[in-house]
Amino acid sequence: MKTVNFTCLGALLVAGLSWSCVSLATATEPPTPYGVTPTPAQVKQAERAFYAFCHFTVDTFTDREWGLGTESETLFNPSAFDASQIVGALKAGGAKGVILTCKHHDGFCLWPSATTEHDIANSPFRSGKGDVVKEFSEACKAAGVEFGVYLSPWDRNHPTYGKPEYIETYRAQLRELLTNYGPVFEIWMDGANGGTGYYRGKVGPVEAKVDLENRRIDNKTYYDWPTTWALMKQLQSQAVLFSDVGPDMRWCGNEGGHSPDTVWATITYQSGQNPGTNIPHLGSGTRNGKQWVMSEVDVSIRPGWFWHASENGKVRSPENLMSIYLNSVGHGCTLLLNAPPDRRGLLHENDVASLKQFGEHLRQTFATNLAESAVLAASNVRGNDSRYAAKKLLDSDLWSAWITDDSVTTPEVVLELQGPVDFNLIRLREDIRLGQRLEGAAVDAWVDGEWKELAKAESIGACRLWRLPKTITATKLRLRVTKSPVCPALSDFGLYLEPEFAPWIPPIR
Ligand code: FUL
């Protein structure tokens, strides 16, 4: 570490020929990043933290989860489609972006595509002149919510699927989606390539034709992902790319809304690992992994990804959504929450109500950082430089950080609060632009004349949220870094009082 002092350098004033102290500033170099670090697009994604998924296609009208590819285009005919209702409800829930299933495994395109006849142009929707992707992207723009695309690589309809020509079809579809609908924040590549699919061939005699066809591909070689990823980056350089193997975001390994307590944003992929292969450690990642590929927790607000009338009474409650949020965003992952439009082309009343109450709960919980005006005493500050002071933990700049000298890896900071404060939730963030540095942190409260540990974790990363088992009242807290191979860079500390949940009563039962 190099510290340059400009203390009282003095300058000869030409006019007065006298010495004057012109600068008392101290400049200390920031620490060297630890291991692999996120790209600017990944840092932005960590800031978004929570965004939504919308599963909508012919399945909505056939009551299926995976279509067969033989569905008639005429099935797709939502009676009252309103993208702004859907996007508005997701925004009210707190989502910062919306990813639309522009094409699911059945191959039906929700936009008029030059690559296929199996698209919205051959449906009765808006007399064949409709474009759901356009309406969604415009509704997102109007609402100030970002727009993302899901384009299933597996296509059970396209005649070329399974042949080399299909890869060019898939790329042509991407070109359409990534050039005609404005900026895209995430591109989602599904690893599912199910052969006979979800229903394992248990379908009626008409549909059996497709299942017998069972076009299988070798996903190690078929898709040539590096070329396709380069095309995506060329067309939308700010977008993050999701698949089981990244390159930017990885699957958390389940669809139930969980992630392990310890999650590393890094992982090491072996060459030849592709979306759809069985990859170990997806959920936890690996400490000191060779790639930065944040874990994304994808989960549906209902049992299925698509809308089914039979699931209207099974919408997750706001309380359940909050525990998913704490288990995903609060473990340093991002949360991708699906809410599927119904046959009207609207989010059902129950989904809307749950999202609204959840969004209000999130806003209320995080409205005030109760540690905001605490007086801080840190055991060390890098070069005694105010740019790395402990108060950076509490300012409104998400990425300014408290950083210590290189030699100080387990520092602590005591927060003297302005009188007794009630809280039940704690937030801690690392400046991930400098890598995921910490391997242990803990928070204590001063209770009855001694320090009592309230919370601890191994990994912190982009965000750690600790929900305490009960509300604590304290005047003094201590944040300890318990293990770190290098000096920590912590960018945010917050204390919150999460309100209790009102009973969840779905509007339609
Ligand atoms: C899975 C798909 O097979 C599901 O239908 C859904 O789209 C989910 C998000 O990903 O792999």
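Below, all heavy atoms of this structure are taken into account, side chains as well, without hydrogens, waters or symmetry copies. Remember, it's 1-based here, ligands and their atoms both numbered in the order they're listed. Everything quoted here is computed from the prediction, not taken from an experiment.
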Engineer: Are D261 and R464 close enough for a salt bridge, meaning some N to O gap below 4.0 Å?
Structural biologist: yes

Engineer: Check E349 with R344, please: is the shortest side-chain N to carboxylate O separation under 4.0 Å?
Structural biologist: yes

Engineer: Who are the residue neighbours of ligand 1 when the rule is a heavy atom under 4.0 Å from any of its atoms?
Structural biologist: F53, H55, W66, H104, H105, Y150, W188, D190, A192, E255, D298, W305

Engineer: In plain terms, say whether K44 and D248 are close enough for a salt bridge, that is, a side-chain N and a carboxylate O under 4.0 Å apart.
Structural biologist: no

Engineer: Would you please classify the geometry between the Y222 ring and the Y166 ring as parallel, tilted or perpendicular, with 30° and 60° separating the classes?
Structural biologist: parallel

Engineer: Quick one about H55 and N338 (side-chain donor to acceptor, distance below 3.5 Å, no hydrogens or angles considered), yes or no?
Structural biologist: yes

Engineer: Show the numbers, then the answer: is there a salt bridge (Lys or Arg N to Asp or Glu O under 4.0 Å) between R467 and E319?
Structural biologist: CA-CA 13 Å; R467 182 194 250 169; E319 196 166 355; over 6 Å; no

